[in-house]
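Take a look at the structure set out below.
Quick note: residue numbers are just sequence positions, from 1.
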Amino acid sequence: MIHDTAVKLGKYMALISESDTEKEEILIYSIEVLLNYLVLILNLSIISMFLNILIPELDAFSSVVSYTVTFIFIRRYFGGYHANDSTTCLILSTIIPIITLFVRYHIDINIFFLVLIYIVSHIIAIRVGTVDNKNKRLSDEEKNNFKTGGLKVIKIIFVINIIVYLVGLQEISDMMTLAVVFGFGNLLFGK
């Protein structure tokens, strides 16, 4: 459904802008990615708000948002596993943050565990680097640029996570930490 909508919108936009076939394909891909993100955000918002009503102490909305933002930054710079189609990607991208929300209550992430996770993630980032996928191959230079940017992002996420932890927002800190775990697990799985 999303792909079909993206194709129709992309072809229409290419027609009115008199774009060639290559630009039309880029438009279709861009629209599909944008629509997938919009549907994901809508899905996660509705599910987490519903969970907040059912289980108020869960603090689902802010937890899911912190997980998703952290994961997207890691994914943006390091890549990882790609589902075969956008529907599977959307389903996995919706289910995993919700599962993580419940996993958080069964794991005690203290400051030492948090630091250990970031050290291991930094090592993985240096050793593995950025992973491309079959649909978008990257040159060695592009991989190096993404890796360099990603290492900076990991450091920034780490500092933010430590601050969040120290000011007592344990739920948010835990979700950020678990996003790093899943993000680098996804990186290794996608290699």
S93: what forms a side-chain contact (heavy atoms from CB on, under 4.5 Å) with it, not counting sequence neighbours?
L40, C89
A quick test of your reading: do over 12 heavy atoms of other residues, nucleotides or ligands sit less than 6.0 Å from CG of N110?
yes
Spell out, yes or no, whether I41 and I74 are grouped together once hydrophobic residues are joined by side-chain heavy atoms under 4.5 Å, including indirect joins.
no
Reported OH-to-OG1 distance for the pair Y37 and T68, which is rounded to 0.5 angstrom
10.5 Å
Here the gap from F61 atom CZ to N52 atom CG, rounded to the nearest 0.5 Å, amounts to 8.5 Å
Cluster link L42 to L101, ILVMFWY, side chain under 4.5 Å:
no
Taking all heavy atoms of L51 and all of A60, pick out the closest pair and write down the distance.
CB-CB, 3.9 Å
With side chain to side chain contact (heavy atoms under 4.5 Å, CB included) as the test, pick out the partner of Y67 among I98, I96, L44, I72.
I96
Closest non-hydrogen atom pair, D108 against F113:
O-CD2, 4.4 Å
Look at the aromatic rings of Y77 and F146 and report parallel, tilted or perpendicular, splitting at 30° and 60°.
perpendicular
Is there a donor-acceptor contact under 3.5 Å from the side chain of N186 to the main chain of F182?
no
Show every donor-acceptor pair shorter than 3.5 Å between a side-chain atom in residues 168-180 and any protein atom, with sequence neighbours excluded, or say none if there are none.
from	atom 1	to	atom 2	distance (Å)
Q170	NE2	I109	O	2.9
Q170	NE2	D174	OD1	2.7
S173	OG	N161	OD1	2.6
T177	OG1	N161	ND2	2.9
T177	OG1	S173	O	2.8

Hey, what do you get for CG (L151) to CZ (F78), rounding to the nearest 0.5 Å?
4.5 Å
Which pair of non-hydrogen atoms, one from G129 and one from L187, has the smallest distance, and what is that distance?
O-CD1, 3.5 Å
Are V181 and L116 in one and the same hydrophobic cluster, where Ile, Leu, Val, Met, Phe, Trp and Tyr link if side-chain heavy atoms are under 4.5 Å apart?
yes
Same cluster or not: are F112 and Y165 linked, directly or through other Ile, Leu, Val, Met, Phe, Trp or Tyr residues, by side-chain heavy atoms under 4.5 angstrom apart?
yes
Given the rule that I, L, V, M, F, W and Y join up when any side-chain heavy atoms are under 4.5 Å apart, are I162 and I119 in one cluster?
yes
Any donor-acceptor pair under 3.5 Å linking the side chain of N43 with the backbone of T94?
no
How long is the span from the CZ atom in R75 to the OG1 atom in T70, to the nearest 0.5 Å?
15.0 Å
If you take all heavy atoms of A125 and F184, which pair is closest and at what distance?
CB-CE2, 3.7 Å
May I have the step-by-step check of side chain to side chain contact (heavy atoms under 4.5 Å, CB included) for F158 and V115, ending in yes or no?
CA-CA 8 Å; F158 173 68; V115 170; 4.1 Å; yes
Given 3.5 Å as the limit, does a donor-acceptor pair link the side chain of S48 with the main chain of S45, or not?
yes
Using atom types as modelled and distance alone, determine if a side-chain donor or acceptor of K147 lies under 3.5 Å from a backbone N or O of I126.
yes
